[in-house]
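As structure tokens, the structure follows; a few thoughts come after it.
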Amino acid sequence: MGLWCMALPLLTMFCTTGLPSDIVVEVEEMSFHLHKFPLLSRSGVMERLIAEVSEGDKKCVICLPKIPGGAKTFELVAKFCYGVKLELTASNVVYLRYASEQLEMTEEYGEGNLNTQTETFLNQVVLRNWKDSLKALQTCDDIPCAEEHHVTKRCIESLTTKACTDPNLFGWPMMEHGPMQSPGGSVMWNGISTGARPKHSSSDWWYEDVSTLSLPLYKRLICTMESHGIRLEILAGSIALYAKKYLPGLNRHQGANESTSRLMAVTSGALPEEQKVLLEEIDHLLPVQKGLVPTKFLFGLLRTAMILKANPSCLANLEKRIGMQLDQAPLEDLLMPNFSYSTETLYNFDCVQRILEHFLAMDQITGGSSPCSVDDGQLIGSPSLTPITTVAKLIDGYLVEVAPDVNLKLPKFQALAAAVPEYARPLDDGLYRAIDIYLKSHPWLAESDREQLCRLIDCQKLSLEACTHAAQNERLPLRIIVQVLLFEQLQLRTSIAGCFLVSDNLDGSRQLRSGLAGSTECGWTTAVRENQVLKVGMDNMRMRVSELEKECSSMRHEIEKLSGTKGSSTWGNVSKKLGFKMKSQMCSAQEGSVSNQNNGSAKIDKAKERHAKHKKNSSRDG
């Protein structure tokens, strides 16, 4: 056994055994001054090389340029040849395994040769342990010939098998309960308390470990796990963590604008081409099923893909993934900045339009939505909001946010608002608010454009608060205001009829309770109190209906006076032009009871003057 010493300045290593060295082996930039016999007695390749050099009677110098692991691995090989006992580890066994294969250090050149020892250690120690298998797999990245003897495949198979297994079942024994746990809760080993606390494993325990692998190895591992039947939601969680670790901006809990600014700063100094390749591979690895990863994560991938200018197919795939689960998206994620210099809008409006189209197409295929009705702002026949209704509310909120953008053209705004089916909106309050903000931010719109945009609003689906606001809104066309007033009157009449019905039911139930035995004084008090509350509510609604009927009658007489004719036919023609239909008894039963028509005429004149003034100011601004 020789003593080893190294001369760093010369990058040489000597083996001092009392005999002068008779061979120099050069590996990379290192020179090893050794002896022939220990080498040729263990290696078939060294035996042939030494024989070839000795025939020429020259100085015996052998060059080994392609040793796996380089000079560090050959140093261990040389020590083995000199009889030094090696300490095999998961970090060096793969290098030594392929070095022994390359140098032909088999049983033919000595019993218990390096090839046999490394193979045995690999099978009996490394592949039976999770962490050792992971370390060995990481070293395969540096060995181009690692596939020749399937070491990479064996490590991946070992990791896949263990990922499907409870981690407590391999490695150091550890149990959560039973005889292996002391009364104090610590882990027992051979009846002795170790003081360690039991570990509670979950299906994601291996996520962080495999995230240290390179992208090619990680991709192979995930594909192997999928072929072995590991659940897709578990694989999707691992892929999401891997992406967050190597793509900046995905794992920061912050707003979209702040995250985007930081991401652009990082990618400008990093290697954007490598990140683009990584992002596209992540898109390919992610399962296509809905709901396996959070929608926020998908939006982060989409923003990153836009910044890195990923290929169009990657962008389209991410948009489709988001569209499949758009009902799970928060509003803030829809507000994606526009990274294109060709358009002047603040937000990426076209991307949201495509995402909505994907959702509507998928919803139509799956038949996941059905027309819903509304009664006093509540969905009928559905205990919870359907996905299409949730998306309609989301899009209305998005329109509210983007409406102040002066560069947003009317056709785009109108197309996105009209893309949502009518039955998806139980109430049009959100749409009304978005249109009102858009009209306020775009005062130069022509009257015809304003009227066309307002046709998207269904006045019958406005709440009482929205009707009150719309009736006094100078930005709306006069036609819409008249519609709102009449439908508000209809809504109040329906509410009063319902209250009368409830009151009759309460009176009948009170008489029925009076004839039953065992009735208590508390029940009488509750019934009387409910009846009083209903009467007060009906009185208030009667007053409101009376006021609206006065205004309606005044407007009717004023319109007939302006048209120069009288009778119900004129009023019917006007109502058809305004775009609504009313039952004859709604506005004719109370004509005789209206006493103050001059007041109604004054309100009409005031509304006309206000709209004329607003229209004049709008045209002047334009």
Side-chain angles (χ1 to χ4, degrees), residues 13 25-30 32 42-43 45 64-81 84-106 112-163 167 170-172 205-225 228 238 241-242 245-246 274 277-278 281 285:
M13 180 171 287
V25 180
E26 295 180 351
V27 181
E28 294 179 341
E29 297 179 356
M30 180 74 73
F32 295 86
R42 285 288 187 176
S43 171
V45 172
L64 299 175
K66 297 182 179 180
I67 293 293
K72 188 175 182 180
T73 299
F74 184 77
E75 178 185 350
L76 296 175
V77 172
K79 288 181 178 181
F80 177 82
C81 293
V84 178
K85 186 177 181 180
L86 296 183
E87 182 181 356
L88 296 177
T89 65
S91 301
N92 63 25
V93 66
V94 178
Y95 293 118
L96 291 172
R97 172 69 179 80
Y98 283 102
S100 67
E101 192 72 30
Q102 183 175 336
L103 296 174
E104 297 181 10
M105 300 179 69
T106 60
N113 211 340
L114 185 59
N115 186 285
T116 303
Q117 291 192 21
T118 53
E119 183 67 21
T120 302
F121 184 81
L122 193 63
N123 290 328
Q124 297 184 0
V125 178
V126 174
L127 297 180
R128 293 185 179 184
N129 183 277
W130 168 267
K131 290 189 176 297
D132 288 345
S133 298
L134 187 65
K135 289 180 181 178
L137 180 60
Q138 290 171 337
T139 60
C140 293
D141 261 337
D142 303 328
I143 305 176
C145 58
E147 292 296 335
E148 294 181 5
H149 300 280
H150 308 291
V151 174
T152 304
K153 181 180 179 181
R154 289 153 64 189
C155 291
I156 290 177
E157 291 287 345
S158 173
L159 293 174
T160 300
T161 303
K162 292 173 175 57
F170 57 86
W172 186 56
W205 61 268
W206 50 272
Y207 286 4
E208 189 64 36
D209 290 341
V210 301
S211 67
T212 59
L213 295 174
S214 64
L215 179 59
L217 291 178
Y218 179 79
K219 181 179 178 181
R220 287 188 58 182
L221 177 63
I222 292 298
C223 293
T224 304
M225 287 182 172
H228 279 65
S238 174
L241 186 141
Y242 192 87
K245 188 171 184 178
Y246 296 105
E274 294 181 1
V277 172
L278 171 60
E281 289 294 342
L285 286 177

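- Heavy atoms only, all atoms of each residue included: Ala136 and Val126 are closest at CB-CG1, 3.7 Å.
- Atom OH of Tyr98 and atom SG of Cys140 lie 6.0 Å apart (nearest 0.5 Å).
- Nearest approach of Gly70 to Val27, heavy atoms of both residues: C-CG1, 3.8 Å.
- In this structure the side chain of Met30 never reaches within 4.5 angstrom of the side chain of Lys72, judged on heavy atoms.
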Steps toward side chain to side chain contact (heavy atoms under 4.5 Å, CB included) verdict (Trp205, Trp130): CA-CA 12 Å; Trp205 61 268; Trp130 168 267; 3.8 Å; yes

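- Nearest heavy-atom pair, Leu86 versus Leu76, reported as atom, atom and distance to 0.1 Å: CD2-O, 3.5 Å.
- Nearest heavy-atom pair across Thr73 and Ala99 is CG2-CB, 3.9 Å.
- Taking the side chain as every heavy atom from C-beta outward, Leu285 and Cys223 approach each other to under 4.5 Å.
- Within the 4.5 Å cutoff, side-chain heavy atoms of Leu127 are placed close to those of Cys155.
- Residues Leu103 and Asn115 form no side-chain contact, since every pair of their non-hydrogen atoms from C-beta on lies 4.5 Å or further apart.
- Atoms CD and CD, from Glu26 and Glu29 in turn, are 11.0 Å apart once rounded to the nearest 0.5 Å.
- Judged by distance alone, the side chain of Tyr242 and the main-chain N or O of Leu213 form a donor-acceptor pair under 3.5 Å.
- Counting heavy atoms from C-beta outward, Tyr218 and Tyr246 have side chains that stay 4.5 Å or more apart.
- Leu159 CG to Leu221 CG: the interatomic distance, rounded to the nearest 0.5 Å, is 6.0 Å.
- Taken to the nearest 0.5 Å, the OG1 atom of Thr160 stands 4.5 Å off from the CE atom of Met225.
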Starting from the C-alpha separation in whole Å, work towards a yes-or-no answer on side chain to side chain donor-acceptor pair (under 3.5 Å) for Thr139 and Lys135. CA-CA 7 Å; Thr139 60; Lys135 289 180 181 178; over 6 Å; no

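- In this structure, Glu28 and Pro65 have side chains that are not in contact, with every pair of non-hydrogen atoms separated by 4.5 Å or more.
- Val210 has its side chain out of reach of Ile222: every pair of non-hydrogen atoms, C-beta onward, lies at least 4.5 Å apart.
- You'll find the side chain of Thr116 reaches within 4.5 Å of the side chain of Thr120, heavy atoms only.
- Using a 4.0 Å cut-off between a side-chain N of Lys or Arg and a carboxylate O of Asp or Glu, Lys79 and Glu75 qualify as a salt bridge.
- Of all heavy-atom pairs between Ile143 and Tyr95, the closest is CD1-CD2, 3.7 Å.
- Between the side chain of Asn92 and the backbone N or O of Glu87 there is at least one donor-acceptor pair closer than 3.5 Å.
- From Glu157, atom CD reaches atom OG1 of Thr152 across 12.0 Å, with rounding to the nearest 0.5 Å.
- Judged as a side-chain contact (heavy atoms from CB on, under 4.5 Å), and not counting sequence neighbours, the contacts of Gln117 are Phe80.
- The two residues Lys245 and Glu208 have their closest heavy-atom pair at NZ-OE2, 3.5 Å.
- Put simply, the side chain of Gln138 never gets that close to the backbone of Ser133: no donor and acceptor are under 3.5 Å apart.
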Could you please spell out the steps behind the side chain to side chain donor-acceptor pair (under 3.5 Å) verdict for Thr106 and Asn113? CA-CA 6 Å; Thr106 60; Asn113 211 340; 5.5 Å; no

Side chain to side chain contact (heavy atoms under 4.5 Å, CB included), that's the test. Do Val45 and Gln102 meet it? Break it down for me. CA-CA 8 Å; Val45 172; Gln102 183 175 336; over 6 Å; no

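- Every residue meeting the salt bridge (charged side-chain N to carboxylate O under 4.0 Å, His left out) condition with Glu119, not counting sequence neighbours, appears here in chain and number order: Arg97, Arg154.
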